[in-house]
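Protein chains get the first letters and strands the later ones, always in sequence-line order, with residue 1 at the start of each. All values below were derived from every heavy atom in this structure, side-chain atoms included, with hydrogens, water molecules and symmetry-related copies excluded.
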There are 2 protein chains.
Amino acid sequence: MVTAARYYPQLLSIVGNALRFLPAFVAMRKLLTEGYVGELQVCDARVYGPSLLDQSYGWTCEELMGGGGLHTVGSALVDLLSHLVGTRAQKVHGLLRTFVRQNGAIRGIRRVTSDDFCFFQMLMGGTGSGSTARTGSVCCTVTLNFNMPGAFVHEVMVVGSEGRLIARGTELYGQRNGGDREELLLGDTGGAGPEVTGLPLPHLRGLGSMVTALKHAFQAQKERRSWVPGPIAMAATFEDGLYVQTVVEAVKRSSRSGEWESVEVMTQEPDPNQNLCEALQRNKV
Amino acid sequence: MVTAARYYPQLLSIVGNALRFLPAFVAMRKLLTEGYVGELQVCDARVYGPSLLDQSYGWTCEELMGGGGLHTVGSALVDLLSHLVGTRAQKVHGLLRTFVRQNGAIRGIRRVTSDDFCFFQMLMGGTGSGSTARTGSVCCTVTLNFNMPGAFVHEVMVVGSEGRLIARGTELYGQRNGGDREELLLGDTGGAGPEVTGLPLPHLRGLGSMVTALKHAFQAQKERRSWVPGPIAMAATFEDGLYVQTVVEAVKRSSRSGEWESVEVMTQEPDPNQNLCEALQRNKV
């Protein structure tokens, strides 16, 4: 898919990681480049919310089919954090758990295999491969818990030598080390809008912004048949998508091995004769 | 010290982990036993605050002398979490970092070796020693960051199958899965009091409660020369202290090895001929 996306640059191919387009994260990224927090040290993202499972048994219950917090929400955060920090994860360590294996709708011989609690760390952009501290590297921690009915908690914090920025839901707050209190840097501008259950508000708002950006990319063009890259320059490419998938797989591997796993993005196409599904199954054992 | 503490039961020997005595945690523990959150799944503790370093170079800068977030604040949380959960950590995984190695007061040939960022996970009370998911085990995560000037953030959250409890500072909040919002279960009753810098408020308030409990243990006794165990029954014993120290050492070991380390509390006295200081040094390499 990555090769195919590269083949016709005239065809638009982006990955739908809408968080990049949320105004709070656009502003956070800008402030990070402008040095608001000084030298970046730590990122901490947490998403808490109600169960991600469908009412009836389906792909959301099955880890191999892409269900679970890590696949559904974690992957968007992996993408967002590398977009914000400007480097990629080198090593990850993770822990996945399925606390609720059966419920009123999923019972009998059926069991949930997708994670409802997930927790991982990423060491970003270091210069070596050892496990000791390296100057200039950034530690990211991500905590996902979907056993918490009620409204979604969606918080992304970046801490540096000079201050910190915190996106709570769709709002951005900041505090410089000299300042005496946290200041609201960007409020929620989305208006009330319809509440969509099962999707954290930042994802929903981001999706709106991304669709608007897509509109702008096509609108000015003749008969809207071609597009300009400007408005969607910050979108995730298929390369980014492959990186995210690699990190997700490394987190799953780490949860099984209990060790730090390095993130090595595939550079050669896999053997087309290889049965991918079989490989996935083997990977799971 | 553990053996000595056991030797004369008439002599009072407790460890000063004051958080156990903070009313919010006393109430949290009671609610946990009463089943407020159902089956406990996840604990999450976070303490953010300003630098723990002294104005001038001293033990706070040196990891071997007991400085750093893990020793100073983390150990109290290790104790608190095992007290709340009712079981002990079996395996830990951790990451320590010193982001600020020199500052205006500590410079030249001197460098800070104690951690200002620390992050660890504990798997509590499982039934096996493998790294795979086990039913009934509790995952605890602790995040400490002392590169965040301003007021201390001190939050301990426990999540179960039926609800959650959150201690923010000295206040306790709770939400049952059916409920539509979080409720304040216990407000701060400490009054204004003098602000002590360098110590999170929950530790300070807990210390006050612990001293009051000690007073009650002695007060009713003849000439206050003996004491009754009742008021201080929940205090940490020297055995608890040894457990906490073992967890702290395992976290440090894990940060060096990058692997999960098991927590094995010493049951036999160490060889008195062994030079402990030398052993510590060797452990560090």
Of A:Arg253, A:Lys252, A:Lys91, the one forming a side chain to side chain donor-acceptor pair (under 3.5 Å) with A:Glu261 is A:Arg253
Under 3.5 Å: donor-acceptor pair, side chain of B:Ser254, backbone of B:Gly94 = yes
Just by modelled atom types, is the A:Gly125 backbone N or O under 3.5 Å from a matching donor or acceptor in the A:Ser137 side chain?
-> no
Where on B:Asp180 is there a heavy atom nearer than 4.5 Å to chain A: the side chain, the backbone, both, or neither?
-> neither
Against chain A, label B:Arg46 side chain, backbone, both or neither, depending on which of its atoms sit under 4.5 Å from a heavy atom there.
-> side chain
Residues 161-175 of chain B vs salt bridge (Lys or Arg N to Asp or Glu O under 4.0 Å), sequence neighbours excluded, gives B:Glu155-B:Arg168, B:Arg168-B:Glu182
Any cation-pi pair here, A:Arg97 with A:Phe117, using under 6.0 Å and within 45°?
-> no
Between B:Thr143, B:Asn145, B:Val100, which has the largest tally of heavy atom pairs under 4.5 Å with chain A?
-> B:Asn145
Residue selection (most heavy-atom pairs with chain A, distance under 4.5 Å) from B:Arg181, B:Arg176, B:Met148 = B:Met148
Residue from A:Gln175, A:His93, A:Gln121 scoring the most non-hydrogen pairs under 4.5 Å with chain B is A:His93
